[in-house]
Structures are given as C-alpha cells and as structure tokens.
Amino acid sequence: MRIDRIDIDGYGIFHEFALDDLSPALTVVLGQNEAGKTTLLSFIRTILFGFLDKRSANNLYEPLAGGNHGGRLGLVNRQDERFILERFAGAKGGPITLTLPDGSAGGQSDLDVLLGHTSRDLFRNVFAFSLTELQDFESLSGDDVRARIYGAGIGAGRLGLPEIEKKIEDDRGKLYKGGGSKQTIAGLIRKSDEVGKRLREIGDQVEEHDRLRSELETLDLEIDANREERQEAYADRDHTANLLRAWDDWTDLRSAQEQMNELPSVSDFPPDGISRLDGILQRRNGLRDRIDEIKGEITIAERELQKIDVDRDILAQSAEIEGLSRGLDKYESSKKDLPKRESELKLALVDLQGGLKDLGPGWTEERVGTFDTSVPARETVRSHGEALRATAERLRDAKRDADRAKDDRENASIDRSRLEKEWKALDTPPERDRNILEEERRKLRELRSLVSAHKEHRQEMAHKEDRKGDLEARGDLIERQFPREAISLPVWPAVLAPPIGLAAAAMLAVLTDGIAAPAIIVALGAVVGAGYLRLRSSLTTGPKKGAPKDDLNAVHKQLQRIEGEAATLTSLIETEDSSIRSLALQLGTDSSPDERSLGVLESELDNALESLRTWEAAEKRGREAAASVDERDERMLSAKEKENKAREEAQHAAETWQGWLEERNIDTTISPETCQDILSRIESLREKIKAIDNLRDQRVGAIQRDMEEYESRTNAVRRTCDIAEKPRSEFPGAVDQLIEALRTASKRSGRLQQLTKEIDDDTTKLTTIEATEQSVGEEIAALLAEGGASDEESFRRRADTFGQREELLTTIGDRRRNLERIVGHDHLDAFVSELEEVSPEQLQGDERQVKERIEELDGELTERTEERGRIGEQIGQIETEEESSGLRMSLSGIRERVASEARKWAVLTIGQALLEETRLKYERERRPAVMEEAERFFSSFTSGRYERILSPLGENQVAVVDRTGKRKDTSELSRGTMEQLYLALRFGLVREFARRAEPMPVIMDDILVNFDPERAREACRALGELSREQQVLLFTCHPGTVELMKSETADCKIIELSP
Amino acid sequence: MRKFRFVHTADLHLDSPFVGLHEVDERVASELREATFSTFDRIVDLCQEKDADFLLVAGDIYDSADRSLRAQLRFRDNLRRLSDSGIPTFVVYGNHDPLNRWSATLEWPEQTHTFGGDEVTSAPVVRNGEPIAYIYGISYPTRDVRTNLAKRFRRTDDGPFAIGLLHCNVGDDTGHEPYAPCTLDDLTRSGMDYWALGHVHNHRILSSKKPMVLYPGNPQGRSPRELGPRGCYVIDVDTGGHPSAEFVRVDTISWFSEAVSIDDLDTDEALISAVEATCQQMREQAEGRPAIGRITLTGRGPVHRSLARPGFVTELEERVRETEGSQNPFVWVERLEDATGSPIDLEQRRSGQDFVADFLGLVDEYRNEPERAASLRQHLGLLFDAGRAQKLLDEPTAADLRDWLDAAEAMCLDLLTAEED
C-alpha cells in the first residue's frame, strides 16, 4: 500500500492543505522547524488508524487554523487500485469513509485488508519513526537495546515487553512469594490461622455445656445439705447467747430480793415529803429578808427629802425664757449679717455713678429714668440704619455698571478699525455676479460628458465594423463548407456589459455631477449586452448539422441587425458633434475641445467663484463691527445717569438720621448701630437703681428693728426675776444666764416629787409581806403532822427508809421483765433454774464453739454458691455466645479472599507463562529472516566494515562482528554506529513484514543527522533500494540531506513545506 | 377422611456462616449472623398463621462442624413456641447434624418428636382423638451414611395418610454429596403418600403424583450459588387424601449474581449509573429484604481503561457499598468483578503479523486443546501446592483454568496494547 495524496481539512496548524504529488517510491519532504513535519506524520497515522481517545495525554492536534478535524488520504494497493480514505474526529477513533476503486463505499474490514492488518503500534514502531527514537536508543542498557530491537516488532503499545514482564512479576510478588510473609496471600493465611486458633480456644461447646450442667446438679445437692446443718447450729448459738445476755439481770434480781428482807417497815409517807418541807422553809426565810430591806429604803428617802431647795420666781417665767431661747439663733445671725449688708449698699451706689459716666456728660438718674427706650423708638433707629445701608449699596452697583460700559465701548472701537483694515486689504473681484459664473460651470460640465460619450460611441462604432467584417467572413465560410461546425461564444461578456456600463456611469456621475451622459452609457451597456446575448444564442443554437441554409440565413439576419445598430450609432455621433460645437462656442473655447483643456477651464471657473466668496465675507464683517460701536455708546451714557441718581438718594438718608439725633440731644456723629447700644445701656442702669432702693429700705432697716425688740424682751424678764438688766454689748450672754437658771430650778422640783411617791409605795408593800410570813409558819406544822413526826429531824429519818424500799421493788420488777423478754413468760421458770446451774465462763466456751462451726459452714456454702454462679455464668456464656458465629463468618471471608487473591496470582502467573512462550516462539520463527536483512543493510551502511549482527536465541545480547571477525558489544559502538545498527534492524523488520503482508509506506523523520557523510550517502542509497519495494517518505529540515538524496537516487521526488 | 395442613422444611443450617463473602461491614455482618435464625423464626410464624397441624423438619438443622450450641438452643426455643401453641414438630437429622452431635442435656418440648437412628419408626398425629396421619422417619446416627435408607421404609399403619421424613440424595445429578442415596422408584415402592425430603438446597418437586416427593430447599441461601427466592412448602391434604403444595418465600436475605456489560458505556459516570441501576434492580427483586449481590462487569468498551487502573475497581466497589449498603434494606455488593476487555478489535489483531497476533494465536491453542489448558496447572505449584495455602484453597478445576486463561489473555492484551501515539 502507498499514499498518493494527502488532503488535510483541519489538523494542527494545517487547514485545507494538500500534497498530491507523492512519489510511489521515494519522496523527501523538506521543511524548516515548525513547518509541520511531525504534524503531517501524526495526520497520516490518525487517518489510517483513528483518532486517539480524548482522555489520553497525547497531543490530539486540534485544528488550530480552522476546518473540520481530519481529512483524506489517497491510497494505492499493490494491484494499483486506488482508494480514498476519509476520517474526521468522532466516537471510537472517528468514523471513516472508504471509497473503493469502483466508487462504492467500503468498511473497516476493507481498510484492514488494505493495511495488511498492521496495528497502530506496529506501524508506529516499525514503519514510522523519528530521530528521537534513534537517539533514545543510545542511552539504553544492553538488555533494553535488545528489547527495543524486538520490541519494535512485537507491535506492543506504550510498554515494552520487558516492562510488561517486570510489571507482571512485581504484581505477582506483591500477592505471593514462596517464602515471604508480607505478601497479601501470606497475610491472609496468617489471619486465617489466628481465627482458627481462637475458634479452637472457644472449643467444643456442646460437650462443655453437657459437662457443666451435670456439675451444676451435684453442687445443688451439696448446697442443700450445708444449709440444713447451718440452721441447727444457728439455734444452739442463739440459746447460749440468751443465757449469757440474761446473766446480769439474774444476779441483780437475786441481790435486790436479799436487801429487801433486811429493811424496817415504813408502809406510808407523804409523797415528796422532804422536798416539800425544804420548799416551805426556803419561802419563809425569803419573806423575812424582804421585810428588812424595805424598812432600810424608807429611811434613806426621808433623809434626802429634807435637803432639796427650789427657785420659784424663775419657774414662773419659764414660758418667756423658752421663747427667748428659741429666738437666740436668729438674733445671733442678724448681729453677724448687718455690717455685710451695709457695705453691699455702698458698692452698688459707686457702680451706678460709673454707668452714668459711661453714657456721656449730662446723664443723671432722672434723665435715665425718663428717656424713651420703647420698642417703637428702637424700630425707628433700625429703619434709619437700613435706609443708610441700602442707598450706599445702590450707589456702589451703579458706579460699577458705568465703568464696565465704558470699557466695552473702547473694545468695540478697536475691533471696528481692525476689520475695516482687513476688508480694505482684499482685491475687489472682477466679476461680482455669482449666477453668471455658475451658469458657465454647468455648461462646461455638460460639454465634458458629451465629449467623453462621443469618444466611446466612436469606439463602439469601430467594434461594430469589426463584427460586421467577421459575420461577412462567416457567411462566406458557411457557403463554402458543408457541414459546418456549431459556433459557440462565451456568455460572460453579456453578463459583464450592463454592470460595466453601470460602473462607468457611476464613475462619470461622480466626476461630472451630471445625469445625461451617464444615463446614455447605462443604456448603451444594456443594449450592447442584450445584442451580444442574441448574437451568442443565434450562433450556438442556430446553425446545426444538416441545416446549412438556416445557418446562412441566421448570419444574414445578424448582419442586417448590426448594420441597423451602426446607423443608429452614426446619427447619435452626429447629434453629439453639433451639441459639442454649440457649447464650445458659448464657452469661447476650441470648437472640438479635448478633455484636458476642458479641465483647465473648469479649474479657472472654480477659482473665480472662490475669490468672490472670500471678498463678500470680509465686507459683511466690517459693517457689523461699525454697528456694534454705536450701540455701546448709548449704553455708556445711560449707566452714568443711573449713578448720579443713586448718589442723591444716599445724601438724603444721612440728613434725615442726623435730624432725629439732634431732637433727642444726642451726639449727631453716632451711627444707628451705636445708638441701639446706648438704648440698651440706659435700660440696664434703670435695673440697677431699682436694686439699690430695695437694699436700702428692705434689708438693713429690718435687721436693726428685730434686734432692738429681742433685747428689750430679755431685760423685762430679768427685771421680774430681780436680776440686773444688760446692754447690747453683753448679749447674748444675758440670755444664756436666764436659760441656765431655769434648767436648775426645774431639775430640783422633779426630784422632790419622786421621793415623796417612793416612801408611800414602800409602806404599803411592807404591810402585805408581814401577813404572808404568818401563814407559812402554819403550813410547816401541818406537814410534820402528816409524816407522823414531831419535829423536823425525825421527819427526815422516816423519809429515807421509805425511799430505799421503793427503789428495791422497782429493781426486782425490771429484772424479771428483762428475763421474760429474753425467753418468754412461759419458759421463764425453766430458764431461771438453768441459770442457777451454770456459770458465765461455761456459757462463753459453748458460744465460741458453736460460732466456729457456723463460720465453717458459711465458708463452705459461699464457696459452693460461687462455684454454682460461675458454672451458671459459663453455661449462660456458652448458650449466648456469638463470637464463634462471627469468627466462622470471618474465616469464611478470609477463605474467600484467599481464593480471590489466588485467582489474581494465577492469572498473572499464567499470563507470564504465555508471554514467555510467545516470545520464544516469536524469536525462533521471525528473527533469522530479520537478521539476514538487517545484516545486509548494516554492512552496506558501514561500507562493509561490519559484516554480521549476533543475537543468539535466549541470550540478552546483541553484538556485531567486524570485517576482521572481531566481536563488539553494543556498548563498544559509537553513537552513530548504534543508530545505524538500529536503522538496519528496523529495515530488516520492514522487509520481513513486507514479505508476509501488504507492504506499508516507511516514514522517517530526520534520521541521518548523526551519520558521517560517507555513511549518510550509504544510508541514502539503502533508502533508494528500500523504496523500490515500498514507498518511502523522508522528512528532513536539512537541505544537505535533500542534495545527498538527489545525488544518490535516480528518481527522488522533493517537496518543500513552507511554514 | 379429615383434611389437614402441614409445613415442610429442611436444611436450616442455623448459625452456619455465609460462604463466598469477602468482607462485610459490621452492620451487614450482624444481619448475616442472624439471617438463618430469622428465617426459621418466620417458618414458625408461618405455622401459626396458617394454623398448620404439624411441622416437618427433614435434617441439616445446623452444621455440627460449627459446634454451635446457640443453633441448637434457638432451634429448641422455637419448637417450644410451636409446642406451646399446640403444633407438634417431627424431626429427623441429616449428615450435617447426626444424632451423635447433638447436646445430651437438651430438653425437647413436649410436642417435639425426634426420630432415632437405629431403625425407621413411626408416630401418629392425633386430632380429636383420631390419627390424621402417620409420620415415618429415621435420623443419621453419624455423618457418613452411604446406605440406602429409603429402602427401609415400609408402611405398616392402616391410617388415612402416611408421610416419609428423610434426609437423602435422590438420583445422582443433584450436585450434592450422595448421602443415603436412593432412587425415586425406591421411594414410590414404600407405600407412603408423601415424602418430606431434605438435603438438596434448590427446592424442587420430584413427583407430584402419588406419592408426592419434594425437596423444599434451604430456606435461606448462604452463598452466591444459592440465588433466587428461598422458602418452605405448605402442604394441604384434602378429604380425598390428595396433597397440594404451595411454595412460600421466607428468606431473610436474598442473593444475586448479575452481569453488567460495558459495551455501550462511554464514560465512568455511565458505568457508575449502570452499576447503581443493577443494585436498584436487585433491591426490587428482593421485595423488601436486604440483598447481597455479586456484580460481574463484562464486555469491551472505553471504560475498560478506567477499570484497568489500579484501585479503580476497589474504589468503585467501596462507593457502591457506601451508597447502596447504607440504605434500608441494604444491597451489599459483596464483589465487583472486572471481566471486561479493552475496546480493541480482536479479530483484526489475530489476523495481524505481529507479536500480539502470535500471542492471541497461542492463547487460542490453549483454549482449543483441553490437555494443554490442563497443563497450565504446572505453573501454579508455588502457591497451590504450598502446605499452608492448600488448606484454604480448592484444587483448581478445568473450568477455573479456562477462566484464568481468559483473564490472563485480557490482562496481557491490556498491557500489550496500552495506547500511545
């Protein structure tokens, strides 16, 4: 298969790009860097094998310059049948359109046959490669080199075979290695062992359950026996404890009964006899003490009463003295206040005098009191002030307006003289009537269009003459020759004629600003076009084979029409001639003027019109300036008048104000504002005078009156009580003396009354107490009689004996009740007889023994109950145990995962084995032929320096043998030689594949860069040889390579790509 | 005669673990642990709801290998429930729970009749003082019973209806171990009216004429091989002594195994949607039960590239578990298996002249010659013959090897044709 044409619709930088002269043998495509060589290589791969997945990281060469993403390739197979393969980007590599040699549409299977079932990867690795791949080669190790050599042929994708094998081995190793412990499967096995171990620990539940149940039954029997025995021991222990508990009560009872028997008999005695006797005796003693005490008190009071003396005069004046005492504070503060008020009055008077002086001379208290400061007076002052301000303002404005009008008038006068000067400087134009000039110009334009149309009509006339000649010749030919050929004329002149006419008219219209002449040209264009069409149709459809006479007639008819049209033209030309002459005469120019002289004339006319326009404008401006000066003069005079009027008004306002001031006897120089101030001061002085009057009469006078009244009241009291009167200087001491005397008299009078009352009360109390003491003596005698005693001492003895008996009876009753509580009433007698038989020591021994036995039994019971609980718990655990369910489930899960991981491992292992087997087969079957071809190429590249390539089966080595039989490893070869070796191997593969299937085109991108001139020449020769068998495309950016290629191969096609 | 009704179940396998499950989260695990119990609870409920006259249990109640006491106790507790409501239960033991592997101290409820292992015995079912049926049965005394027990059944009563209760393997194509092997003919000759069998896990009716013979199957599937609805049979015997069988679904968790083809899927999103749609479909078919499903991705298409990325399948699996496993009822995707291929034209690659073509040719040779396929086993000794692994792994079958060969082919092809320009 070869490519004979490339059509790119849109791909990378290419848009609507085509290469259609590819050689079937060798084509060199020369292009600078970035001219698109790599893009072209990718385009060929894409159209042949499909677009790459959008998700891949590769350059997809989106159409940068526009167009649909994709294009076409022309393909030719070995049988020289041609196919067209078209592909545009789309789903699944982009849909293809394959046109088969017979024009029908083919499908993917046809394409596969055409491509000899070559895969994309194989194509990339073997048939289409670049310098980069040759250079990569150098940096690889020996193993890698070998892999690359064979890898090129395996048709694999991104990964080389060794990389694939390594990846599989790694993945496999992660899952399982014979001895390892970290791998997934080993880990799972370990886990399984752990779970299994735990399950075994949990053990056989059923067996364990049954065993525990029978143990439980045995224990239950033992526990019952234990409990029975313990019950008996408890009874023994309780009885012994009762005897011990009763022992103290029993001994007390016995000794109480013995003491009772020894006491004399006192059967009756008043209850609480002794305490009652003691109580009565105590009361009698208390009463006697109280009588002595009251008598003493009465004596002391009578003694004090005789000593007290009271002043009755002072007491009689007590109301008046208390009144004086209340007024004392007020009197003292008045006495302190008086001098302050007097000095205040003095200061106010001085201040008033100062205020009068400030108003100016001639101002007194009276004048201030009577001066008019009313609101109307103030209002009058204010209106005078406003009148003065307003008139002054108006005067200022009028003066400013007058100045401004004067300036305006002076500026206008300057403008007028300048513009008059400019106008006078211009020349007066010769012709000052614009209409005459414009009429001349219109005529001139008409003349120009006529001249131009006239010229064209003459040419048209000449053309018609030619056509006439042709038709006459044609008529002769038809008459001479039979049969005659159909004549055909192209249609385009007819189509073009009207638009050309239109275009010419438009141009003329622009140039001459006229209508008549262009219209004629449009009409003419249309006529000529139509005529031409008729002629053409008569020529193409008219004469036919077998009808020569008809043809001849048609020619004659044509001739007649053209002659008619020529006559019309002639008369048109004549009319134009006469119009031109007439117009030329009017304009005073040559009777047959040419276009150039008409142009000159027109420009002269335009100049005359322009200078007339300029002169008229200057004249108008001068006149306008003169009128402006007059207007401003008037304005200036009016402003001056206004100013004088304002001045008079201001004068009048000032005089009115001065008159008002004189009337009131005020200085005439002051302003209304100052006058307002004076009025305010007068008002404030009036307030001060009012305050001074108030101070003088109300305050100082009142204080002095109050003080005198108080002093006279005091001296009146003193007189009455016979005490000397006092002057003001001894006040307030005189009052204090009276108050002290009153306080002493009052105190003494109160004490006198109190003592009299105390003596009366004590005398009454004494009588009552003495009666009570008498009745208590009688009570004592009655009590002694009741206790059967004659005196106090025997009463007390009898009381003691009775008390002892009562106490013993109580003890005996208590102890018997205690014993009954311990053993019960029914068993009391037996219990008491038992107590008489034993001793406490004996009982304590018994108790110790029985307690020890109980402890022993308790221990056994606890132990067995606990054991029972433990077993119950174990049974419960076993019965409710769920761990083993979980463990079994997890064991099952692990087993499953092991199976699943083992499957992965098995798949990897089998894959590895299959790849290995395929590789061995491949190397065995394909390599010899490849090597043979490769050796030939390599030997030729190196001019016979190296003769053989060694790559023994199963050895990871490639070596070469040189002319002398010396073997060299690839590591010993130079970079260039390595590349040559690689190229040779590639060519070997190409040849090998070509032998087996449809040969594919070989496409290489700049591979000869590192070849020395001699080897490059050899390589070019080899390429030539290769191209005899299959198409070769060599991309290069070196013109040198092109030259070399040209010189080394006979038919080499060169295509230059421009960037 | 009087008409009556009974329930027939077998192969409860109480408390035995689910097999074929990789990993489950704790919530799912606890549901699984309870599943066999819940299923039996439901059978007991069914007896009560249907007002059954008795229940028949035809062996393999629990797996003695598991030594689970819990299973025995829960079984007894449920029988007590039946006994208390006046429904007797007739039990024979099978190969998984032979007589000698039951707890000696277990106290069976009053209305429970278990058959001994020495000889076939019979027991009447009495209603209103009259026998309505006689049950004949024999248990496995030990696990390994290879004799034909069916031949020992001889009808001796003259009652209205006789039932044979036996755990056995009828015929030789059941896919189960041939314990107590017998033929349908052996059963027919015994004179029984109905054979209540156990052992085979897929429910099937072997004969619907007299005698009616059927396997109820296991009421709860426990592995990816035990798919579809599972349950027990409710048998109605009419006055003429004719039994009719109704299958009632009682499983707690449903198993599924579904395939999703990636042929028409262009994006990862489409793949996720397809997987989720499959889960939804399982959920619907499970009719309100939790479901456990295995999803196998098949076919060839562009998403194969994503699937081949390390970790992608695991991530997808986790994602689906997260969304589907957290719902109620859950769908637990126990495994998402990738059996897809890259979207390459195999035929074209086969006709090529390169290494890939040679490789494909070689695989075809293995595939077409069973002996060569079997020879692949020799490469696997490192793992499959290793002592510790051997305990956990089954010996690969021919089918396994074929499957692995296909997978190896797909894997190598992926690597060999990894795309690049």
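Model, not experiment: these values are computed from the prediction. Chain identifiers are assigned alphabetically (A, B, ...) following the order of the sequence lines, protein sequences preceding nucleic acid strands; residue numbering begins at 1 within each chain.
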Enquirer: Donor-acceptor pair, A:Ser892 side chain versus B:Pro17 backbone, under 3.5 Å?
Expert: no

Enquirer: Assess whether a salt bridge exists between B:Asp400 and A:Arg903, defined as any Lys/Arg side-chain N lying under 4.0 Å from an Asp/Glu carboxylate O.
Expert: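 Result for this pair is no, no salt bridge flagged.
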
Enquirer: Does any backbone or side-chain atom of A:Asp171 lie under 4.5 Å from a heavy atom of chain B? Answer side chain, backbone, both or neither.
Expert: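 Looking at A:Asp171, nothing touches chain B.
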
Enquirer: Identify which of A:Leu887, A:Leu115, A:Asp112, A:Val898 forms the greatest number of heavy-atom pairs closer than 4.5 Å to chain B.
Expert: A:Asp112

Enquirer: Answer with side chain, backbone, both or neither: which region of A:Arg213 has an atom nearer than 4.5 Å to a non-hydrogen atom of chain B?
Expert: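 Side chain only.
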
Enquirer: Is it the backbone or the side chain of A:Ile168 that comes under 4.5 Å from a heavy atom of chain B, or both, or neither?
Expert: side chain

Enquirer: Using every non-hydrogen atom in the two residues, find where A:Arg172 and B:Leu382 come nearest and quote the distance to one decimal.
Expert: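 Looking at all heavy atoms of both residues, the closest pair is NH2-CD2, 4.1 Å.
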
Enquirer: Rounded at 0.5 Å granularity, tell me how far CD in A:Glu917 sits from CG in B:Asp358.
Expert: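 Taking CD in A:Glu917 and CG in B:Asp358, the distance rounds to 11.5 Å.
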
Enquirer: Roughly how far, to the nearest 0.5 Å, is CG of A:Leu891 from CG of B:Leu392?
Expert: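 Output value for this atom pair is 7.5 Å.
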
Enquirer: So which residue, A:Thr909, A:Ile894, A:Leu915, ends up with the most heavy-atom pairs under 4.5 Å with chain B?
Expert: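 Among the listed options, the one with the most contacts to chain B is A:Leu915.
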
Enquirer: How would you list, in number order, the residues of residues 404-411 of chain B that have a heavy atom less than 4.5 Å from chain A?
Expert: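 Interface residues of residues 404-411 of chain B: B:Trp404, B:Leu405, B:Ala407, B:Ala408, B:Met411.
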
Enquirer: Is A:Leu175 in contact with chain B via its backbone, its side chain, both, or neither, using a 4.5 Å heavy-atom distance?
Expert: neither

